[in-house]
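Chain letters run A, B, ... following the sequence lines, proteins first and then strands; every chain starts at 1. Basis for what follows: all heavy atoms, side chains included, without hydrogens, waters or symmetry-related copies.
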Amino acid sequence: MAKVTVSLPQGTRDFSAEVVRKRNYIFNTIRNVFELYGFAPLETPAMENLDTLMGKYGEEGDKLIFKILNNGLDNPAKQEQIRTDFEKVLEGKNTKTITERALRYDLTIPFARYVAMNYGQLTLPFKRYQIQPVWRADRPQKGRYREFYQCDADVVGSNSLLNEVELANIYATVFAKLGVEVEIRINSRKILAALAELCGGADKLIDITIAIDKLDKIGIEKVKEELVQRGLAVAQIDIIEKYLAITGSNEEILAAVTALIGHTEIGKAGIEEIEYVLEYNSPLTTHHSPLTIDLTLARGLNYYTGLIFEVKAIGVQMGSIGGGGRYDDLTGLFGVPNVPGVGISFGVDRIYDVMEELKLFPETVHTGVKILFFNLGEQESKVAFALMQQLRNNNIGCELFHEAAKMDKQFKYADKKQIPIAIIIGSKELEEGTCLVKDLLLGEQKTIAQSDLVKEFI
RNA sequence: GAGGGUGUAGCUCAGUAGGUUAGAGCGACAGUUUGUGGCACUGUAGGUCGUGGGUUCGAGACCCAUCAUUCUCCCCA
């Protein structure tokens, strides 16, 4: 046989039967909870117009968008134009003659585009969920792929904090069902904005958030260094250091942060939001979410304006497995202003890795056929085939071994495919009109009439 | 964008300081066993050692380049 040298693009994966079943288990769990909370499904195309995506994810994000090369670039009639345009591409500009479409980078921006396009028809508040792959031209590493799934739930057209409460509950419910122990961290962009205000202006917000987001990785001294590099004065950094020094229970954190920034209007608003959501998550409500205030939580995406979420799995080294937050004006980017929204996202691929590492998948994710009919000859397999079809008509999954082979081989096949029951019809059973039903897990077997077989399994 | 690690059989890896015909385990296939599996035993197939150059009497091993892959940082799910 010729040596084949096929491979997969970097950061992409094939999913075998077992993996697909495990992944579906996660998808179904999430989907069921979304539906339970009144969210309706939406799907959007794999590709969007490049204009829709560019500039929405920051400078870094733009670089990570997979652009699709236009067709017909080899058209001799347009060669001159394409050459000059390609020069512009080399300078970092995008040119429509070279590329005008791109693979979606997340589900939020396509959703915002959808809302903007269909605003007149939507019943507000509009609650949708979306489970689809996204693509990023990132360097792959542990828990990071170039093609991965996101599961988003968003509400637009409502300012109510009840939405935040519900989304936090969705997180708690899904991870409880999956058996993954998590910490749901919350913070408010308003608190960060207040901090920025105290430290010399709103224009420093992004610099500050980027720096403090790294606290648990690089430590307070390095964060201070970075803040100096980003042009903050010593007095301003002192305030940030005080802010970052705040620790303790949720109540203690709230008290301390109120003392620090509670006198600013925006800071007060942020604190009140967090208090509201925490109150709803008191033990009085059905789901007691493990919500933790994390003042260093900032989130990279700069469209967030209110409460922000991030979910970390406990007991395993892994980046965040979910995140989200409130954005005031996402559709404003597409010409429909003043539509507030809030959403969350699940990182299924990382959740899968976490569950695999902690061995949290239940045995029951295997959903192959229940029964294997042995094939012991031409006459025998005809009878087996007829019985098999009867079972299938009754919604019982089964298959017949593809050829008359040694029993030992057929047993091994059942074993490999994890089929729990074998039905054996040989010359003896053929004569008697019976069949032998063997439970392969217990090793027990019994002979029953062929006419009783369907009854046996219904 | 920056920096490491690793590429030897279908898979996981040995291969010692360069030295004849490159090994193991698992898997596959066949047999012991023509109607009772998972175990055991026996046997068979499968490799131009990622690719291209160089050093050497001699390279899987050393050097350079290249490709692939993986991990860390950046950023993120």
Next on the checklist: Please verify the inter-ring angle class for A:Phe411 with A:Phe374; under 30° counts as parallel, over 60° as perpendicular, anything in between as tilted.
Outcome noted: perpendicular
Checklist entry - How long is the line joining CD of A:Glu378 and C1' of B:U34, in whole Å? => result 18 Å
Next on the checklist: I need the residues from residues 402-410 of chain A with at least one non-hydrogen atom less than 4.0 Å from RNA chain B; give them sorted by number, or say none.
Outcome noted: A:Lys406, A:Met407, A:Lys409
Next on the checklist: So A:Asp349, base contact, sugar-phosphate only, or nothing? Heavy-atom distance under 4.0 Å.
Outcome noted: nothing
Next on the checklist: Closer than 3.5 angstrom, by distance alone: can the side chain of A:Thr29 be matched with the main-chain N or O of A:Tyr25 as a donor-acceptor pair?
Outcome noted: yes
Item to check | Rounded C1' spacing from B:C11 to B:G47 in Å | outcome: 14 Å
Checklist outcome for this item: If pairing means Watson-Crick or G-U wobble with both distances under 3.5 Å, then the partner of B:A68 is B:U6
Item to check | Pair A:Phe373-A:Leu391, side chain to side chain contact (heavy atoms under 4.5 Å, CB included): steps then yes or no | outcome: CA-CA 11 Å; A:Phe373 281 86; A:Leu391 285 175; 3.7 Å; yes
Item to check | Spacing of the C1' atoms in B:U6 and B:G50 (rounded, Å) | outcome: 11 Å
Checklist entry - If you measure from the P atom in B:C39 to the same atom in B:C29, how many Å do you get, rounded? => result 13 Å
Checklist entry - Taking the same atom, C1', in B:U8 and in B:U55, what whole-Å distance lies between them? => result 22 Å
Next on the checklist: Using OP1 and OP2 only, check whether a side-chain N or O of A:Gln141 sits under 4.0 Å from B:U70.
Outcome noted: no
Next on the checklist: What's A:Gly319 touching, base or sugar-phosphate or nothing? Going by heavy atoms closer than 4.0 Å.
Outcome noted: nothing
Checklist entry - Taking OH from A:Tyr149 and P from B:A77, how many angstroms apart are they, rounded to a whole number? => result 18 Å
Next on the checklist: For the residue pair A:Arg326 and A:Tyr304, would you count it as a cation-pi contact if the rule is NZ or CZ under 6.0 angstrom from the ring centre and within 45 degrees of the ring axis?
Outcome noted: no
Checklist entry - When the distance from CG of A:Asn375 to P of B:G37 is rounded to whole Å, what number comes out? => result 19 Å
Checklist entry - How are the rings of A:Phe111 and A:Phe126 set relative to one another: parallel (under 30°), tilted (30 to 60°) or perpendicular (over 60°)? => result parallel
Checklist entry - Tell me: OH of A:Tyr145 to C1' of B:C75, nearest whole Å? => result 17 Å
Checklist entry - Looking only at side-chain N and O atoms, does A:Lys416 come under 4.0 Å of OP1 or OP2 in B:A28? => result yes
Checklist entry - Across the strands shown, which category fits A:Leu107 at heavy-atom distances under 4.0 angstrom: base, sugar-phosphate, nothing? => result nothing
Checklist entry - Relative to A:Tyr129, does A:Arg31 satisfy both conditions: NZ or CZ under 6.0 angstrom from the six-membered ring centre, and within 45 degrees of the ring's axis? => result no
Next on the checklist: Taking only the P atom of each, what is the distance from B:C71 to B:G15 in whole angstrom?
Outcome noted: 23 Å
Item to check | Whole-angstrom distance between B:A59 and B:U44, as gauged at atom P | outcome: 31 Å
Next on the checklist: What I want to check is whether an N or O donor and acceptor connect the side chain of A:Gln10 with the base of B:U69 at under 3.5 Å.
Outcome noted: no
Item to check | Matching residue for A:Tyr413 among A:Lys416, A:Gln410, A:Lys417 - test: side chain to side chain donor-acceptor pair (under 3.5 Å) | outcome: A:Lys417
Next on the checklist: Counting the atoms with a prime plus P, OP1 and OP2 as sugar-phosphate, which does A:Gly143 contact under 4.0 Å by heavy atoms, base, sugar-phosphate, or nothing?
Outcome noted: base
Checklist entry - Rounded to the nearest Å, what distance is computed from the CD1 atom of residue A:Ile421 to the P atom of nucleotide B:G38? => result 20 Å
Checklist entry - Below 3.5 Å, does any donor atom in the side chain of A:Glu429 face an acceptor in the base of B:G35, or the other way round? => result yes
Next on the checklist: Using a heavy-atom cut-off of 4.0 Å across all strands, would you classify A:Leu440 as base, sugar-phosphate, or nothing?
Outcome noted: base
Checklist entry - Does the ring-ring contact (aromatic ring centres under 6.0 Å, His included) test come out yes or no for A:Phe175 and A:Phe346, once each step is laid out? => result CA-CA 10 Å; A:Phe175 287 114; A:Phe346 288 83; 5.5 Å; yes
Checklist outcome for this item: Walking RNA chain B from its 5' end, the first of A:Pro9 and A:Leu64 to be reached, judged by nearest nucleotide, is A:Pro9
Next on the checklist: Distance criterion of 3.5 Å, no angle test: do you see the side chain of A:Arg136 paired donor-to-acceptor with the base of B:C75?
Outcome noted: no
